[in-house]
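The next block holds one structure in the form of structure tokens; read it before the comments.
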Amino acid sequence: MEKAYQPKEVEDRLYQSWESEGSFKGRPDAEKPAYSIVIPPPNVTGVLTMGHVLNNTIQDILARRARQLGHSTLWLPGTDHAGIATQTKVEQQLRKEGKNKRDLGREGFIEHAKEWRDKHGGIILKQLRKLGCSCDWERTVHTLDPEYSQAVLEAFVRLFENGYVYRGKRMVNWCPVSRTALSDEEVIMKPQSGKLYKVRYELTDAPGEYLFVSTTRPETIMGDVALAIHPEDERWPNLKGRKVRRPLQPAEIPIIADSAVEKNFGTGMLKITPAHDPLDFEIGLRHELEIIDLFNEDGSLNELAGPPFSGMDRFEARKATVEQLRSQGDLIDEEDHANNVGFSERADVPIEPRLSEQWFLRYPRVAEAKRAVSEGFIRYFPERWSKTYLHWLDNIQDWCISRQLWWGHRIPVWYRKGQPRSDPKNWHVSVNGPEDPENWDQDEDVLDTWASSWLWPIATMGWPEDHAMKEQGLDYFYPTSALVTGPDIIFFWVARMIMAGLEFKGEQMDANTMLTDDEIKKRIPFRDVYFTGIIRDAKGRKMSKSLGNSPDPLDLIEKYGADGLRHGIMSIAPKGQDIRFSEERIEQGRNFCNKLWNLSRFRRMADDSDRESGLVEIIDRIDPDQLNPDDHAILLRLVHTLDEVDRLYKGYEFNSVLQSIYRFFWNDLCDWYLENSKARMREGEGKETCLAVQDLCLRQVLLLLHPVTPFITEELWKALGFSGGKSIQWQSPGNGVDLLALFDASGIRPDSDALEEMLAVRELVTSMRALKAERNLANNNKVEFFHLADEGKAEVLARHAPSILSSVGAATLRRVDAPPTGMPALVTAFGSIYLDLTSGVDPAAERARLEKELQSLAQIISSIEKKLSNAAFTEKAPTQVVDGAKRQLAENQAKLKETEDAISALIR
RNA sequence: GGACGGCUAGCUCAGUUGGUUAGAGCGACUGGUUUACACCCAGUAGGUCACAGGUUCGAGUCCUGUGCCGUCCACCA
């Protein structure tokens, strides 16, 4: 074995063998319980980020743990076509070639985009393999696959038939760069510092008299069709019904009263531009106002804006209108103003509220979706996200699902040629289209990407085709066991999947019939949702490509190994808290693997005979009569660790899992047990038993760790002869209760006092080492100690003497009846310990040290005495707490006394 | 404007129903070629638990308020 662990060769080799052996295949198996996860599909042309590493490592841990525990496990991978993002990239590339999408035409463009996707796509799936992800790759799904597309269309048609889908001319969020409508969720509000302009409007029946309006968008004045005041605003009792002159594109517009106007903002008057503001649009509807749409789809102004504004971009027009107003004397004031502006998530430009005809979805099964989470049929980890989820559902708005793109699922609606499209009589809605296609035109738009990915848990498993669902095991694997995703897509994806599952899984149910709880439980797409944190850089900023602060995970794998990366990232990922990335943690992950590797190397060096080493065989090799207190202690720690880790895995507390394993493996096993066993191994007494105990600990550690660091654990599993020809993937670490039962059957009964004793002895050893170290004797193993202790303590010390001597690095520890003179002393739970120094003791320094100790003991004692003298404490506190305090007091008083003795011995 | 999260050692974080003297890793410092591991071992220093009140015999932990940082939601032009 190499001195340092070399992950690269191991990882590639093992991954290949796992895959070729079909370890990751997820197949229904009536003999076993099911465990399933569907991957949150990444953008097909994306590359692996640290966020993916975190997310997919967690999923892999869950999948691998499930396999160990005997579940038939499916982790279903796939990718998303990412409508806007992909189309934008393809268009950019076309532009570089001097072409645009219209040159290619719809068919040509889609062909081109597919080629581009196939060329650049799927990289991320290869990267996930490098990370060790145990996905069933044969079941990889892409949202534009023919079967998946059928499912998307089928869902649309069903929703249409049940009255959930409708077409309407409404205010939508328009992205002038992508030139498509967006859903509310795709709009990000950003605080902006802009200007608030005060503009005057002249009353037409009183020339020279003006009304004043504050606006942030003077470029829309040409679209004003009214001024509005609040009906109960006492400042202007007589304005309603009169008229003002629009200062740009002059026209006479009415003054109306509407309670949506905020009296206290600006001048208390609102200009109404129904085409360019959602609130204005509503007010316009209420008052049957004209709609003047000034903008083109790219955000430039059209001919209705009039000269000189038509043709200008909206921001250019803002400046131009301000100048125009200023020169007319209509601009009264201009002040800095902070407000929130909605930006397009993808294109990062301000969205334009725009009136257009789109397809909308009234969400199905909203009430049931709320119930599913509020009743705990779906559990959120951390639980607090359920509040966010429920709040959103309480205020849910219809979903604009049509996108003016070509890349995506084309909406399965056809319009009778030459007839008005707004009339449903001229519609044909079906998956396969009309039988006389020559008489129809298909809708040009595609569906929002999320309107395909919300079907992910069912459509990846064959829905809605009966034979496909059966073949792919939908009923076996559904509801999936866990979903692992970021809270940023709780609305985009999680909530919508829940509603889709409730609506589509199982028999179609009438829209007006509330699903029963039993039905909800069967239809929900997953049982647990684990929300990861967001990975931030060392400065706390979100990792992003544009900031360039995100390391390439592949580089990290190259440097530290996939196991190292996985271990590192999981050790810093507290449940649902944001994660501060630091490469040092990844380094620690690597170091951990190396430690594991070297412990195994040590084990092989002690004895490299190959033998059968299943759990039972190992336990059989333990001779109960040869067990010493350290054996008892480590066996008990193993039992506790098995239970603790099991509990922590169940609660998705992965960083605690690792902490628990770390403590057992590194502190207890390596630093203590193994160091002490060295002497035993040399002397040969109880060596067989000691090796068996080591094997047992090591074996269980590998099993516990395997979900997190699959490669090295599998490699060592085989190298140490634990496998019996079988992969670690299918072996359960078991729990403490079962292990104790096995122990008992072999006559091994770990003594629980031994554990406490070991901890006390370790504390003693630490103090003794410190005593040496402070005198630069750390390296001298010939030093001699004396101890002054009562019979009971002396007996314990004698029992542990070999461990103590070898751990401390000392030659003797002899009992004395009185404090020896002139020696540095140490007062411990085991009595006073004296370090025999032939020379070089500085009595003054030793005295100072002991007096400092004395002081701190006195402080502790007085605080306990104070507590105990408080009648309220002794009466009200539980007896065990009071007894504890009393014991503590006695112990510290004894220590105080001994310390005083030691001081006087020093100067005697 | 609402809601949620965070504030504990120089840094990153543990601290589960209130109960002994608040922990770990990293970093710093000191010392180590003890044949598993320097990707290691041993030791040392370092904390008024953001602040102010309250409940309690007892508060890092529970309650109220404040501050700062972060996130999400919201039609104040």
Side-chain angles (χ1 to χ4, degrees), chain A residues 1 3-5 171 189 196 213-217 228 260-262 264-267 269-273 277-282 337 339-340 353 382 384-385 387-388 391-392 395 487-488 490-491 534 536 538 540 542 560 564 571-572 574 576-582 584-585 587-588 590-606 651 653 655-656 659 662-663 667 670-671 674-675 678 766 769-774 776-779 781 806-809 856-857 859-860 863-864 867 870-878 880-882 884-885 887-889 891-892:
Chain A
M1 286 172 94
K3 199 170 169 184
Y5 174 53
M171 216 59 185
M189 299 308 284
L196 187 62
V213 173
S214 291
T215 179
T216 54
R217 302 208 60 191
V261 177
E262 197 68 41
N264 300 323
F265 186 87
T267 59
M269 289 196 185
L270 182 59
K271 71 185 201 61
I272 304 299
T273 321
D277 183 277
L279 179 64
D280 292 10
F281 177 70
E282 268 177 44
H337 180 66
N339 65 342
N340 281 325
R384 64 186 151 86
W385 290 112
K387 203 167 171 177
T388 307
H391 182 255
W392 185 71
N395 298 286
D488 49 331
I490 192 166
F491 312 136
I534 293 166
R536 303 177 171 280
K542 216 165 160 174
Y560 303 108
S571 74
I572 48 174
Q577 219 66 273
D578 283 2
I579 293 139
R580 204 63 76 90
F581 178 80
S582 81
E584 277 138 42
R585 300 303 288 259
E587 202 180 320
Q588 283 169 47
R590 188 264 319 255
N591 295 353
F592 186 90
C593 292
N594 190 240
K595 185 82 175 174
L596 191 60
W597 178 261
N598 272 289
L599 174 63
S600 306
R601 214 158 66 87
F602 175 71
R603 174 62 191 81
R604 292 295 285 175
M605 285 165 92
E653 300 189 53
N655 63 327
S656 300
Q659 225 172 63
Y662 184 99
R663 263 198 310 275
N667 300 138
C670 292
D671 289 350
L674 228 70
E675 287 306 321
K678 282 177 181 172
T766 299
R769 280 168 171 167
L771 203 63
K772 281 178 71 185
E774 280 163 25
N776 290 325
L777 292 170
N779 218 16
N781 56 13
S806 81
S807 309
V808 173
S856 107
L857 283 169
Q859 221 164 46
I860 293 168
S863 99
I864 302 171
K867 196 193 280 185
N870 182 348
F873 173 71
T874 48
E875 278 161 27
K876 292 186 184 172
Q880 69 199 78
V881 173
V882 177
R887 194 173 52 240
Q888 199 193 341
L889 179 66
E891 278 167 15
N892 282 292

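All values reported here derive from a predicted model rather than from experimental measurement. Letters A, B, ... mirror the listed sequences (proteins, then strands); counts begin at 1.
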With a non-hydrogen cut-off below 4.0 angstrom, is Glu282(A) in contact with a base, only sugar-phosphate, or nothing?
nothing

With B for base contact, S for sugar-phosphate-only contact and - for none (protein heavy atoms under 4.0 Å), nucleotides 37-47 of chain B reads B-BSSSSS---

Between CZ of Arg585(A) and C1' of rC11(B) the distance, given in whole Å, is 10 Å

_What I'd like to find out is whether the side chain of Lys595(A) reaches to under 4.5 Å of the side chain of Asn591(A), using heavy atoms alone._
no

field: C1' gap between rU66(B) and rA42(B), integer Å
entry: 47 Å

Original post:
What does Phe491(A) touch in the nucleic acid at a heavy-atom separation under 4.0 angstrom: a base, only the sugar-phosphate, or nothing?
Top reply: sugar-phosphate

(message) Measuring only the C1' atom in each nucleotide, how far is rU12(B) from rU55(B)? A whole number of Å is fine.
(response) 34 Å

(Q) Considering every strand and a 4.0 Å limit on heavy-atom distances, what is the contact class for Glu584(A): base, sugar-phosphate, or nothing? (A) sugar-phosphate

Query raised in the report: Under 4.0 Å between a side-chain N/O of Lys387(A) and OP1 or OP2 of rC4(B), yes or no?
Result: yes

Pick base, sugar-phosphate or nothing for Thr216(A), based on heavy-atom distances below 4.0 Å to the nucleic acid. sugar-phosphate

Testing rA36(B), rA74(B), rA77(B) for proximity to the side chain of Asn340(A), the answer is rA74(B)

Lys271(A) NZ to rC76(B) P, in whole Å, measures 17 Å

Exercise for the section: Rounded to whole angstrom, note down the C1' distance from rC76(B) over to rC13(B). Expected result: 42 Å

Heavy-atom nearest nucleotide on RNA chain B taken for Asn655(A) and for Asn395(A); more 5' hit belongs to Asn655(A)

By the Watson-Crick or G-U definition, both distances under 3.5 Å, rA22(B) is matched with none

